[in-house]
Amino acid sequence: MASRYYTEMQESFRNNNKSREFAAHTAKVHSVAWSCDGRRLASGSFDKTASVFVLEKDRLVKENNYRGHSDSVDQLCWHPTNPDLFVTASGDKTIRIWDVRTTKCIATVNTKGENINICWSPDGQTIAVGNKDDVVTFIDAKTHRSRAEEQFKFEVNEISWNNDNDMFFLTNGNGCINVLSYPELKPIQSINAHPSNCICIKFDPTGKYFATGSADALVSLWNVEELVCVRCFSRLDWPVRTLSFSHDGKMLASASEDHFIDIAEVETGEKLWEVQCDSPTFTVAWHPKRPLLAYACDDKEGKYDNNREAGTVKLFGLPNDS
């Protein structure tokens with residue numbers, strides 16, 4: 001028997017099954033993220049800029065384009081509780097903190113290598129950034145100075161704090177999840193999670209689970225307290241690049257080079273919906289308050305329409321009549 005939630009969400013997606021596309025950049029979009037209040041969506045691109053949109057009823061309206069980086073913006077994230085601040089990580093060996101009220105860069109922090117991933121601690125005090133040389137730097141969000149720096153002996157993919165802010169997680173190239181105490185950064189555990197490269201990690205908003213996606217095309221769901229795997233989702237055929245939990249923690253979106261985004265019910269692992277895409281998906285992000293999914297796909301390589309601007313962001317879950 002399908003749960004009531006499952007039936008309700010399927011009905012909702014049936015009625016709101018359109019994906020709408022919004023021009024954001026002149027090149028591939030690497031990262032999308034919602035502000036904590038859900039009013040804005042930010043995107044980072046290969047074109048070296050970040051864009052911010054305001055969500056108005058059922059569409060995204062471009063508010064600003066943020067320039068300053070001299071290389072690709074590979075990942076960005078918002079402050080966990082301040083909806084005006086976001087931070088970008090770039091291959092130009094800097095991170096930049098931006099304020100949407102002034103549309104200015106309020107801080108540029110130089111780092112040692114080409115940055116590929118970034119996250120903001122749940123208490124808002126620290127920004128962690130990882131680079132291509134597997135160094136993770138912890139930066140004080142107020143003073144913009146480095147608090148700590150860790151060089152790892154393995155390929156570091158994605159990084160994240162747990163919701164309680166007392167543990168720090170890394171996914172690595174050997175298929176493991178490394179768990180460190182925070183702020184001491186002492187190794188607590190190394191979990192053999194997947195037989196191949198463990199790529200991405202996300203914590204659910206309720207703090208009960210986290211999910212990892214791997215090159216083996218599997219998504220695994222973990223109990224945070226016990227650090228044990230609860231279930232696997234295996235509907236994708238390609239390495240899992242990106243994950244996002246819905247605001248209520250009940251749905252998990254995962255995407256890869258498959259031409260669809262899988263939406264699963266977390267408690268059962270059942271497929272709730274499939275969002276069709278024309279090309280591989282790089283990044284997905286559920287809205288923090290409603291079942292609205294932002295995502296960005298690979299450029300279509302001119303196979304369709306050369307006049308279409310590359311670098312669009314898409315929204316799934318908007319009403320069909322909008």
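Donor-acceptor pairing under 3.5 Å is recorded for the side chains of S43 and H25. Counting only N and O atoms by type, the side chains of T7 and Q10 include no donor and acceptor under 3.5 Å apart. Counted by atom type alone, N115 and D74 present zero donor-acceptor pairs between their side chains at under 3.5 Å. Inspection of the E21 and T312 side chains reveals an N or O donor paired with an N or O acceptor under 3.5 Å. A donor-acceptor contact under 3.5 angstrom links the side chains of H194 and S220, judged on distance only. Side-chain contact of N172 with N157: a donor-acceptor pair under 3.5 Å is absent, judged by distance alone. A donor and an acceptor atom, one from each side chain of T126 and R147, are located under 3.5 Å apart. A donor-acceptor contact closer than 3.5 angstrom is absent between the side chains of S90 and D71. Side-chain contact, E155 with N197: a donor N or O sits under 3.5 Å from an acceptor N or O.
Judged purely by atom type and a 3.5 angstrom limit, T171 uses its side chain to pair as donor or acceptor with the backbone of I199. Between the side chain of D133 and the main chain of V135, no donor-acceptor pair closer than 3.5 Å is present. Under a 3.5 Å cut-off, the side chain of T94 and the backbone N or O of V109 do not form any donor-acceptor pair. H79 places no side-chain N or O within donor-acceptor distance of the main-chain N or O of L85, the cut-off being under 3.5 Å. Under a 3.5 Å cut-off, the side chain of D84 and the backbone N or O of D99 do not form any donor-acceptor pair. Side chain of S279 to main chain of D298: a donor-acceptor pair is present (N/O by atom type, distance under 3.5 Å, no hydrogens or angles). One N or O on the side chain of N162 and one on the backbone of D166 form a donor-acceptor pair closer than 3.5 Å. Using a distance-only test at 3.5 Å, with no hydrogens or angles considered, a donor-acceptor pair links the side chain of D258 to the main chain of W238.
Considering CG of N178 and CG of L170, their distance stands at 6.0 Å, rounded to 0.5 Å. With rounding to the nearest 0.5 Å, the separation of CD in Q75 from OG1 in T88 is 11.0 Å. The CG atom of N174 lies 8.0 Å from the OG atom of S190; values are rounded to the nearest 0.5 Å. Separation of atoms NE2 (H287) and OG (S246) is listed at 12.5 Å; rounding is to 0.5 Å. Interatomic distance, NZ of K132 versus CG of N117, reported as 11.5 Å (0.5 Å rounding). Of the inter-residue distances, the one linking S254 atom OG with L243 atom CG reads 6.0 Å to the nearest 0.5 angstrom.
For the pair W34 and L41, the minimum side-chain heavy-atom distance is below 4.5 Å. The shortest distance between side-chain heavy atoms of T212 and I177 falls below 4.5 Å. Within the 4.5 Å cutoff, the side chain of S146 has heavy atoms near those of the T137 side chain. A heavy-atom distance below 4.5 Å is found between the side chains of Q151 and D134. A heavy-atom distance below 4.5 Å is found between the side chains of F22 and R59. Between S31 and V29 there is no side-chain heavy-atom pair separated by less than 4.5 Å. Between N64 and Y66, the closest side-chain pair of non-hydrogen atoms falls below 4.5 Å. The side-chain heavy atoms of R96 and H69, taken from C-beta on, include a pair separated by under 4.5 Å.
Using a 4.0 Å cut-off between charged nitrogen and carboxylate oxygen, K271 and E265 do not count as a salt-bridge pair. For the pair R145 and D140, the salt-bridge criterion is not met [side-chain N within less than 4.0 Å of a carboxylate O]. One finds no salt bridge joining E274 and R235 here, because no Lys/Arg side-chain nitrogen approaches an Asp/Glu carboxylate oxygen to under 4.0 Å.
With respect to F203, the ring pair (Phe, Tyr, Trp, His ring centres under 6.0 Å) criterion is satisfied by exactly one of F245, W222, F169, F168: F169. Only one option out of K208, K250, R4 pairs with E267 in a salt bridge (Lys or Arg N to Asp or Glu O under 4.0 Å); it is K208.
By the criterion of side-chain heavy atoms lying less than 4.5 angstrom apart, applied directly or through intervening Ile, Leu, Val, Met, Phe, Trp or Tyr residues, M167 is not grouped with I159; the two fall into different hydrophobic clusters. In the hydrophobic cluster analysis, where Ile, Leu, Val, Met, Phe, Trp and Tyr join through side-chain heavy atoms closer than 4.5 angstrom, V129 is grouped apart from V156. Note on I139: it clusters hydrophobically with I106, by side-chain heavy-atom contacts below 4.5 Å among ILVMFWY residues. F46 and V73 fall into different hydrophobic clusters, where Ile, Leu, Val, Met, Phe, Trp and Tyr residues are linked whenever their side-chain heavy atoms come under 4.5 Å apart, directly or through other members. Linking ILVMFWY side-chain heavy atoms closer than 4.5 Å, directly or via other members, places L76 and V100 in two distinct hydrophobic clusters.
When all heavy atoms are compared, the tightest approach of A24 to N65 is O-ND2, 4.3 Å. Heavy atoms only, all atoms of each residue included: V219 and A211 are closest at CG1-CB, 4.3 Å. Across N163 and P205, no two heavy atoms sit closer than the pair ND2-O, 3.5 Å. Counting all heavy atoms, side chain and backbone alike, Q125 lies closest to S121 at N-OG, 3.3 Å. Minimum heavy-atom separation, R67 to T49: NH1-CG2, 3.6 Å. Taking both residues in full, the closest heavy atoms of D216 and P195 are given as OD2-CD, 3.0 Å, listed atom of the first, atom of the second, then distance.
A cation-pi geometry, defined here as NZ or CZ lying under 6.0 Å from the six-membered ring centre and within 45° of its normal, holds between R241 and F282.
In E225, the CD atom is not crowded: 12 or fewer heavy atoms of neighbouring residues, nucleotides or ligands sit closer than 6.0 Å. Annotation for F210: atom CZ counts as buried by contact number, over 12 foreign heavy atoms lying within 6.0 Å.
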Checklist entry - Should C297 and K314 be marked as a side-chain contact (heavy atoms from CB on, under 4.5 Å) after you check the CA-CA gap, both sets of side-chain angles, and the distance that decides it? => result CA-CA 8 Å; C297 298; K314 298 182 173 76; 4.2 Å; yes
Checklist entry - So L60 and L55, side-chain contact (heavy atoms from CB on, under 4.5 Å) or not? Walk me through it. => result CA-CA 5 Å; L60 290 174; L55 180 64; 4.0 Å; yes
Checklist entry - Would L227 and V224 satisfy side-chain contact (heavy atoms from CB on, under 4.5 Å), going step by step from the backbone distance to the final call? => result CA-CA 5 Å; L227 297 178; V224 173; 5.6 Å; no
Next on the checklist: If you apply the rule salt bridge (Lys or Arg N to Asp or Glu O under 4.0 Å), what do you find for R290 with D58, and how did you get there?
Outcome noted: CA-CA 12 Å; R290 52 188 269 211; D58 296 319; 3.8 Å; yes
Checklist entry - Are N16 and L318 close enough, and set up right, to give a side-chain contact (heavy atoms from CB on, under 4.5 Å), and what steps lead you there? => result CA-CA 5 Å; N16 308 298; L318 292 171; 5.9 Å; no
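The other members of the hydrophobic cluster of F316, by chain and number, are Y5, Y6, M9, F13, M251, I261, I263, L272, W273, V275, V284, W286, L293, Y295 (side-chain heavy atoms under 4.5 Å, ILVMFWY only). Hydrophobic cluster membership of L218, counting Ile, Leu, Val, Met, Phe, Trp and Tyr whose side-chain heavy atoms lie under 4.5 Å apart directly or via other members: none, as it forms a cluster of its own.
By the 30° and 60° cut-offs, the orientation of the rings of W98 relative to F86 is parallel. By the 30° and 60° cut-offs, the orientation of the rings of Y182 relative to F138 is tilted.
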